[in-house]
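Residues: numbered from 1 along the sequence shown. We count ligands from 1, going down the list as the structure has it; atoms in each ligand are counted the same way. Note that the structure is predicted; figures quoted are calculated from it, not measured. Only this structure's heavy atoms are used, side chains among them; waters, hydrogens and symmetry mates stay out.
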Amino acid sequence: MNATLDSIPVLQSEGQILAEVNGCLGLITLNRPEALNALSLAMIRDLTTLFRAWAQAPEIEAVVLMAAGRPGKPAAFCAGGDIRFFHRAALEGDTSLEDFFTEEYALNHLIHQFPKPSIALMDGIVMGGGMGISQGCKLRVLTEHSRLAMPETNIGLFPDVGGGYFLNQCPGQLGKWLALTGQALAAGDAIELGLGDVFVQSAALPAIVEAFKFKPQSSAEHVVATVMERVDLAPAADLPALRARVDQHFSLPDVAAIMASLAASEEAWAQQTHATLLKRSPLMMAVTFEQLTRAKTLSLAEDLRMERDMVQRCFHLRPGAGSETVEGIRALAVDKDHAPRWQPARIEDVSREAVLAFFESPWSADQHPLRDLK
Ligand SMILES: C/C=C/C(=O)SCCNC(=O)CCNC(=O)[C@H](O)C(C)(C)COP(=O)(O)OP(=O)(O)OC[C@H]1O[C@@H](n2cnc3c(N)ncnc32)[C@H](O)[C@@H]1OP(=O)(O)O
């Protein structure tokens, strides 16, 4: 019997996820570079299979998660869940959309709880679902090309995949600011906020990957050392200079107050931030604000259950009432007109009742699709 082959379960995503074993290392590659490694349901299932199998396999002592690139194009670790699939499935009433969210959130939890060292090589774009699969890794490795964001309010969604949990761990009001604006962070700021751990130059990545693939990895310590011996000084963070401004505006009691406060400021940063918020879905900003407020006291499992309730509502298409999410994806990734017609169009017209509807669970506790998460 070949121990290495035995360690790799059968995968279903037809090459969108690649798995290799080298010594004690399990190496996973997201391999859908033409879509910036956006996660399909098949990819989520394969990742789940691998993390579950390798949690149990005594010969696997560490796992690395990395991504394939496109020759000559900027790097992308993962641009999120497959939003074009969300759009199609929502309009067609395809119930695999429900499985997608249940299984993706369960995978996020599995990675956070993974009992062995896990390393994410987060080169390039890391957004939405890409954050969901990397934030739970024990060593989050960033490069000068890393751009981390939870951009969901831009597509009429909210920062899910555990965003309520990990954004709330950012200092002060920075998590709320990231959630509402969808602002992307470079490596220095991401490390400053606790959303990344170490910095390596992207030029050092080929040697790291070469070692992971071809130099037998003898122990978890060896795997970690392969990265750590190439760690560099992270670029300076810009955020400390902004922190007081972010806290001042984003500590206000609701999104309307935040926007009014930004609009009243003469500072360029406040004006730009206000302009950004004017482009986001007013309803989903208000929902996001409520999500982050509620998630402050929740465990990761509780937060994911709440987010599962919320996302059900996002795709609940009622006659005569649209879905902000379907409209947001249409504008960004389907018609690409970048002109979403949000309803309502102004934050002042978002009712408290409309926001609270996102937090009504359609399931009793013992029927919840994520009831088993601890
Ligand atoms: C439960 C999970 C929730 C979530 O994760 S929600 C999703 C959160 N992520 C996002 O909202 C990001 C969506 N993508 C973008 O905004 C842009 O992309 C980027 C800013 C990341 C990069 O822009 P640029 O460099 O101009 O590349 P490009 O031409 O937009 O993308 C290359 C191809 O990749 C596809 N793609 C990118 N992101 C996704 C995605 N998340 N789901 C499905 N496809 C995606 C595009 O459509 C396009 O494809 P084509 O060349 O055929 O037009």
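A donor and an acceptor atom, one from each side chain of Asn31 and Thr29, are nowhere located under 3.5 Å apart. Neither side chain, Glu103 nor Thr48, offers a donor N or O lying under 3.5 Å from an acceptor on the other.
With side-chain heavy atoms closer than 4.5 Å counting as contact, directly or through intermediates, the hydrophobic cluster containing Met228 also holds Leu25, Leu27, Val64, Met66, Ile119, Leu121, Leu139, Val141, Val198, Val200, Leu205, Ile208, Val209, Phe212, Val223, Val224, Val227, Val231. With a 4.5 Å cut-off between side-chain heavy atoms of Ile, Leu, Val, Met, Phe, Trp and Tyr, the cluster of Met127 takes in Leu36, Ile125.
For Phe101, the ring-ring contact (aromatic ring centres under 6.0 Å, His included) partners are Phe86, Phe315, not counting sequence neighbours.
Between atom CD of residue Glu34 and atom NZ of residue Lys73 there is a gap of 11.0 Å, rounded to the nearest 0.5 Å.
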Which pairs of N or O atoms, one from ligand 1 and one from the protein, are separated by less than 3.5 Å, and what is the distance for each pair?
{"from": "ligand 1", "atom 1": "5 (O)", "to": "Gly81", "atom 2": "N", "distance (Å)": "2.7"}
{"from": "ligand 1", "atom 1": "5 (O)", "to": "Gly129", "atom 2": "N", "distance (Å)": "2.8"}
{"from": "ligand 1", "atom 1": "9 (N)", "to": "Ala79", "atom 2": "O", "distance (Å)": "2.8"}
{"from": "ligand 1", "atom 1": "41 (N)", "to": "Ala79", "atom 2": "O", "distance (Å)": "3.2"}
{"from": "ligand 1", "atom 1": "41 (N)", "to": "Gly81", "atom 2": "O", "distance (Å)": "2.9"}
{"from": "ligand 1", "atom 1": "42 (N)", "to": "Gly81", "atom 2": "O", "distance (Å)": "3.3"}
{"from": "ligand 1", "atom 1": "42 (N)", "to": "Ile83", "atom 2": "N", "distance (Å)": "3.0"}
{"from": "ligand 1", "atom 1": "47 (O)", "to": "Arg84", "atom 2": "NH1", "distance (Å)": "3.4"}
{"from": "ligand 1", "atom 1": "52 (O)", "to": "Arg84", "atom 2": "NH2", "distance (Å)": "2.9"}
{"from": "ligand 1", "atom 1": "53 (O)", "to": "Lys336", "atom 2": "NZ", "distance (Å)": "2.6"}

